[in-house]
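Note sheet for the following structure.
For the numbers below, each heavy atom of this structure counts, side chains included, while hydrogens, waters and symmetry mates do not.
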Amino acid sequence: MAAGISFADVEVGTELPAGSFPVDRATLVRYAGASGDFNPIHWNERFAREVGLPDVIAHGMFTMAEAVRVVTDWAGDPGAVVDYTVKFTKPVVVPDDAEGALIEVSAKVAALLEDNRVRVDLTATSAGDKVLGMARAVVQLV
């Protein structure tokens with residue numbers, strides 16, 4: 001599948017609309033159930049602290065999925081993302097309060113590739129920390 005965006009209308013430096021994605025403890029419990037990842041660092045504050053974490057942290061794959069939503073929303077078709085890679089640099093710490101955490105994502109077209117594809121570089125932060133490094137998606141355009 002391909003996105004509805006024309007390759008001819010995109011240039012290096014094109015900024016995608018940014019996204020902000022809230023995450024709270026209830027979100028983590030739902031994700032654990034859907035993914036089957038019930039590691040207690042994602043829901044048990046006592047356990048997370050005992051293993052040296054500052055608090056409960058979001059699942060890395062959850063963080064990765066939330067970040068790429070900026071790209072799939074822009075492309076208009078999740079199937080247009082033909083490659084996606086990240087390095088996990090810092091965890092998203094999710095306190096047990098009314099706010100939880102916020103994952104903030106910006107992205108821009110970093111390279112025009114062959115066959116109407118573009119490379120999009122993403123920046124994902126939470127609480128001022130960069131939580132994903134080398135986050136890149138290749139998107140098939142029309």
- Task: Please examine the side chains of Lys130 and Leu132, heavy atoms only from C-beta on, and report whether any two atoms are closer than 4.5 Å.
- Result: no
- Message: Closer than 3.5 angstrom, by distance alone: can the side chain of Asp129 be matched with the main-chain N or O of Val131 as a donor-acceptor pair?
- Response: no
- Please check if the side chain of Asp115 supplies one atom and the backbone of Arg117 the other of a donor-acceptor pair under 3.5 Å. no
- Item | Student check: side-chain heavy atoms of Leu53 and Ile41 closer than 4.5 Å | yes
- Message: Ignoring hydrogens, what is the shortest heavy-atom contact between Val70 and Gly19? Give both atom names and the distance.
- Response: CG2-N, 3.7 Å
- Message: Would you say that Val23 contacts Leu28 through its side chain, given a criterion of any heavy-atom pair below 4.5 Å between the two side chains?
- Response: yes
- Interatomic spacing from CG in Asp37 to OH in Tyr31 - rounded to 0.5 Å: 7.0 Å
- Could you walk me through whether Val94 and Ile57 pass the side-chain contact (heavy atoms from CB on, under 4.5 Å) check? CA-CA 5 Å; Val94 183; Ile57 62 170; over 6 Å; no
- Working to the nearest 0.5 Å, report the span between CZ of Phe47 and NE2 of His42. 10.0 Å
- Message: On a heavy-atom basis, which atom in Leu141 and which in Ile5 lie closest, and how many Å separate them?
- Response: CB-O, 3.3 Å
- In Å, rounded to the nearest 0.5 Å, how long is the span from CZ of Arg30 to CG of Asp24? 6.5 Å
- Message: Hydrophobic cluster membership, with links at side-chain heavy-atom distances under 4.5 Å among I/L/V/M/F/W/Y: are Val81 and Phe7 in one?
- Response: yes
- Query: Going by an N to O cut-off under 4.0 Å, is there a salt bridge joining Arg49 and Asp55?
  - Reply: yes
- Message: I want to check something: taking the side chain as every heavy atom from C-beta on, are Ile103 and Phe62 in contact at a cut-off of under 4.5 Å?
- Response: yes
- With the threshold set at 4.0 Å, does a side-chain nitrogen-carboxylate oxygen contact exist between Asp97 and Arg25? no
- Query: Among the clusters formed by ILVMFWY side chains lying less than 4.5 Å apart, do Trp43 and Met61 turn up in the same one?
  - Reply: no
- Measure across Tyr84 and Ala137 and return the closest heavy-atom pair with its distance rounded to 0.1 Å. CD1-CB, 4.0 Å
- Query: Can you check side-chain contact (heavy atoms from CB on, under 4.5 Å) on Asn116 and Val142, steps first, answer last?
  - Reply: CA-CA 6 Å; Asn116 289 356; Val142 293; 5.7 Å; no
- Looking at Asp121 and Ala110, what are the two nearest heavy atoms and their distance? OD2-CB, 3.2 Å
- Query: Counting only N and O atoms by type, is there a donor-acceptor contact under 3.5 Å from the side chain of Ser20 to the main-chain atoms of Glu104?
  - Reply: no
- Message: Are Leu112 and Val71 connected into the same hydrophobic cluster when the rule is that any two of I, L, V, M, F, W, Y join if their side-chain heavy atoms are below 4.5 Å apart?
- Response: yes
- Item | Residue pair Glu11 / Val109, side-chain heavy-atom distance below 4.5 Å | no
- Val139 vs Val82 side-chain heavy atoms within contact, under 4.5 Å: no
- Query: Nearest 0.5 Å, what's the CZ-CG distance between Arg69 and Leu122?
  - Reply: 13.0 Å
- Got Val138 and Val118 here, is their nearest side-chain heavy-atom distance under 4.5 Å? no
- Message: Let me confirm one number: the CE-CZ distance from Met134 to Arg136, rounded to the nearest 0.5 Å.
- Response: 4.0 Å
- Message: With a 3.5 Å distance limit and no angle check, can you tell me whether Glu66 reaches the backbone of Val105 through a side-chain donor-acceptor pair?
- Response: no
- Task: Report yes if the side chains of Leu102 and Phe21 come closer than 4.5 Å at any heavy-atom pair, otherwise no.
- Result: no
- Query: Hey, what do you get for CD (Glu15) to CH2 (Trp74), rounding to the nearest 0.5 Å?
  - Reply: 12.0 Å
